[in-house]
Structures are given as C-alpha cells and as structure tokens.
Amino acid sequence: MPKVAFYTLGCKVNQYESAAMAELFEKKGYEIVSFDKQADVYVINTCDVTNESGRKSRQIIRKAIRKNPSAKVAVVGCYAQLEPAEVLSLPGVSVVVGTKDRHQIVELVQEAKNNDGPVVAVGDIMKQRTFEEIAFKGHRQKTRAFLKIQEGCNMFCSYCIIPYARGPIRSRAIDSILTEAESLSKDGFKEIVLTGIHLGLYGYDFKDGKNHLLDVILKISQIEGIERIRLSSIEALELSDELLNGLLKTRSFCHHFHIPLQSGCDTVLRRMNRRYTTDDFRKRIHYIRNIMPNVSITTDIIVGFPGETDEEFSQTQKFIHEMDFSKLHVFPFSPKRGTLAADMPNQIKKSVKTDRTHKLISISQKLEHNFREKFTNTTKKVLFEDKKHDNIYEGLTENYIKVAVKSEGDLHNKIIPVTLSKNMDNHIFGEIKK
Ligand code: SF4
C-alpha cells in the first residue's frame with residue numbers, strides 16, 4: 001500500500017483542506033502516515049500570510065525532500081499560489097498546486113510519477129467563481145468538527161495577502177454542507193464549527209438577497225445529534241440584526257463570537273482599510289450583549305501597525321477595556337510582501353511591538369479571568385474532550401469557557417451539566433451536577 005504524509009501550516013481552513021485531501025488519497029488506496037515517517041508522497045499544505053510563514057513553508061518542503069529523495073513532494077496552498085516560481089526553484093518538488101484544483105491532487109501526483117519534470121497546477125485565482133468541493137469528511141478534532149462553507153475574501157485590508165491567495169468570495173452549496181454535517185453527526189460529532197475565509201459573506205455570491213448563513217445554521221440545527229453549532233470568526237458589521245435575532249431561534253447555536261477588531265483606534269483602522277469605525281463596532285457589541293447576555297466575545301488585535309503612535313495604542317487599550325472582551329489574540333504586525341501596509345512609512349520597531357504585545361497579553365489574561373469569574377457558582381453544560389491526567393477531564397461550555405472536572409467515569413464526547421466552582425489560571429474547576 002503506498003504511503004502519504006501531510007504537513008499543514010497556517011489556519012483552520014488549511015487543516016480542513018488537508019483532511020479533505022487525505023480523504024481523497026485514502027479512497028485511492030493510500031495509507032496516511034505521520035510526517036516524520038518514510039512515505040511515497042509528501043503533501044505540504046503551505047501558508048503565506050506573513051513572510052515568516054513563507055519561510056517556514058520552504059523549510060518544511062526541504063525537510064520532506066531530505067527525508068525521502070525519491071518520494072513525490074506536492075506543495076499546495078497559499079504559498080504555492082502566490083509564489084509558484086519560488087516553490088519550483090526548490091529541487092525535488094514534484095507537484096505545485098495553488099488554492100484550486102486540490103480535488104485533483106491524487107491525479108496530479110500520479111501524473112508526476114509518470115512524468116520527468118514537475119507538474120504545475122496554479123491558475124489565476126482571481127477568476128475563480130465557484131467553491132471547490134474536495135471531500136466530505138470534514139476536519140475532525142477530538143470532539144468538534146470544522147466544516148468549511150465559504151472560500152475567498154473581497155475586502156483587501158491593507159496588511160492582508162489572503163484576497164490574492166484565495167481569490168474572491170465563493171460559497172458552498174447548502175445541500176453539500178448538509179451532506180457533510182449529516183455524515184459528521186452519524187460519526188458521533190456533537191459540535192460543528194462553521195469555517196471559511198470570510199464566513200460572514202457566506203451566500204453573498206448567490207445574489208438573491210437572502211441571509212444564507214442563517215439558513216445554513218438553522219438547517220444544520222435540525223440534524224439529529226448535532227447539539228452545538230459555532231462560528232469560527234465573523235466581522236462585526238456582518239452580524240446583522242436579522243442574523244442575530246434569527247440565531248436565537250435555535251438552542252444549538254453557541255453564544256460565542258470571535259469578532260476581529262484589529263485596532264481600537266479609528267485612524268489605525270482607516271490605514272488598515274477596515275470598513276468600520278470603533279463606534280460601529282461598539283454598537284454591534286452592545287446589540288449582541290443585549291440579546292445574548294452570557295455571550296463570549298473574543299477578538300484579534302494587531303499591534304505595531306505602521307505609524308501606530310503611543311497615543312493610538314493607548315486608545316486601543318482603552319477600547320479593549322470598554323468592550324470587555326473575554327479573550328484577545330494578539331499579533332505583532334508583520335509586513336507581508338505584496339501588501340500596501342508592507343510599504344507604508346513609519347514601520348514600528350520590533351522592541352516596541354514586543355512591548356505592546358506583552359501589554360495586551362497581560363490585559364487578555366485579566367479579561368479571561370474576569371469572564372470566567374462571572375460564571376462561578378452557576379451550572380453550565382460542558383462538552384468534554386479526552387482525559388488529561390489523574391481522572392481530570394477538560395471541555396468547553398457553549399460560551400467557550402474551559403472547564404476541568406475530576407471523574408472516575410468516561411466523559412469523552414459527553415455533554416454534561418457542571419457546577420463551576422473554582423476559577424483557576426486558564427480554566428475553571430467544577431463538579432458534575434448530580
Ligand atoms: S477581511 Fe481583511 S483580514 Fe480578513 S481575510 Fe479579508 S482581507 Fe484578510
């Protein structure tokens with residue numbers, strides 16, 4: 001049986017696509033082995049969101065070639081899409097596929113086996129208008145499955161290369177989404193995380209004016225066995241009143257939104273080419289909290305964006321406190337070749353970015369603690385993952401609080417009410433409610 005090994009860099013969407021490609025290889029009789037094992041084929045699903053991720057992608061490609069010089073090495077994904085010539089310049093690469101045609105990965109590898117030279121399948125992604133169906137099993141984590149429903153982005157934030165790597169927005173047909181969700185439910189998954197590059201624009205390319213994201217969520221919620229539906233990330237302005245109120249119609253929708261803010265200062269937001277002001281953002285958050293009082297709102301912040309002054313950074317800190325997020329993901333700005341921001345004047349020194357990153361991480365730790373504290377002495381349902389140690393199981397509430405309990409019985413993949421009692425450093429300890 002031929003063996004194939006995968007290495008995936010970057011985001012959850014890449015992980016989903018690697019899982020889908022692995023399914024295609026399995027169907028053709030390949031055995032999937034871990035990347036540190038000898039394999040006949042290595043697939044490296046690359047990322048190029050920062051210059052550093054491009055460098056890491058090259059490093060992994062070279063590693064695969066060294067591991068088995070006679071193996072076929074297929075390089076897929078954003079770095080391959082944006083820099084195919086750089087990929088081809090690495091001796092030993094057999095197949096280069098960008099962010100489309102991954103559904104043909106097995107055939108392209110076969111073609112490379114029959115060919116002398118490398119096989120290149122990198123097309124003009126900006127002309128792509130349909131969602132690429134790859135396979136149906138989804139990206140399965142311990143107790144949650146990621147389900148990709150959308151591809152591409154049209155927003156062109158000034159720091160982001162993704163619209164050039166992934167092309168314009170394309171939405172997956174609802175029947176195909178439901179088929180995958182049903183298969184996940186049959187295999188015992190209780191929680192589905194809907195994912196995409198720009199999830200909030202799901203259905204905008206269908207041009208019939210309906211709110212398709214809400215349709216998708218409501219239809220999945222009717223599938224027996226699916227008890228939780230979560231969104232991976234969504235932009236503030238895409239959380240319309242219609243969508244938010246519609247979400248209240250289903251108990252399976254998790255009251256947790258990851259809403260990227262990026263900066264809490266309007267002048268920085270303008271330089272970032274984000275399409276909202278802090279006031280727009282504030283109004284959305286107030287609306288959400290009004291109708292979902294226990295909601296968890298997490299966010300992304302970029303620090304050290306070109307020209308970010310001390311005053312602008314301090315406005316961001318103030319706004320973060322005002323929004324009372326439950327967690328921050330903090331990214332020091334990293335210039336990406338080919339984006340507007342990479343060529344902006346007044347790039348910020350690394351030491352300043354590091355200092356601002358540390359400040360926000362420390363704020364995030366306090367916010368996380370404060371959010372958990374609000375739920376001490378309450379009872380919440382927890383979906384448990386694996387046993388950690390000494391009969392300690394960890395899991396998540398629907399509003400994304402990490403909970404640990406001690407249990408002799410097996411709690412894996414069970415949803416159980418827990419009384420939350422002791423707020424620890426990065427989770428809350430609780431007892432199963434009898
Ligand atoms: S919304 Fe902005 S940051 Fe997000 S993928 Fe699109 S261009 Fe990139």
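First listed ligand is number 1; within each ligand, the first listed atom is number 1.
- Screening Glu238, Glu235, Gln150 for a side-chain hydrogen bond (donor to acceptor under 3.5 Å, both in side chains) with His198, the sole residue that qualifies is Glu238.
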For this session: Run the numbers on Ser176 and Thr179 for side chain to side chain donor-acceptor pair (under 3.5 Å), then give the verdict.
Result: CA-CA 5 Å; Ser176 161; Thr179 305; 5.9 Å; no

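- Counting protein heavy atoms only, atom 4 (Fe) of ligand 1 is closest to Glu235 OE2, 4.3 Å.
- Aromatic ring centres of Phe146 and Tyr16 lie farther apart than the 6.0 Å criterion allows.
- The salt bridge (charged side-chain N to carboxylate O under 4.0 Å, His left out) test with Arg102 singles out one residue from Glu133, Glu151, Glu107, and that residue is Glu151.
- The aromatic rings of Phe253 and His255 are tilted relative to each other, their planes meeting at an angle between 30° and 60°.
- Neighbouring protein atoms of atom 8 (Fe) of ligand 1 (N, O or S, distance under 2.8 Å, waters ignored): Cys160 SG.
- Phe281 and Tyr276 have tilted rings, their planes meeting at an angle from 30° to 60° on a 0 to 90° scale.
- Salt-bridge check for Arg58 with Glu83: failed, with every basic side-chain N at 4.0 Å or more from each acidic carboxylate O.
- Within the structure, the closest approach of Arg166 to ligand 1 does not fall below 4.0 Å when heavy atoms are considered.
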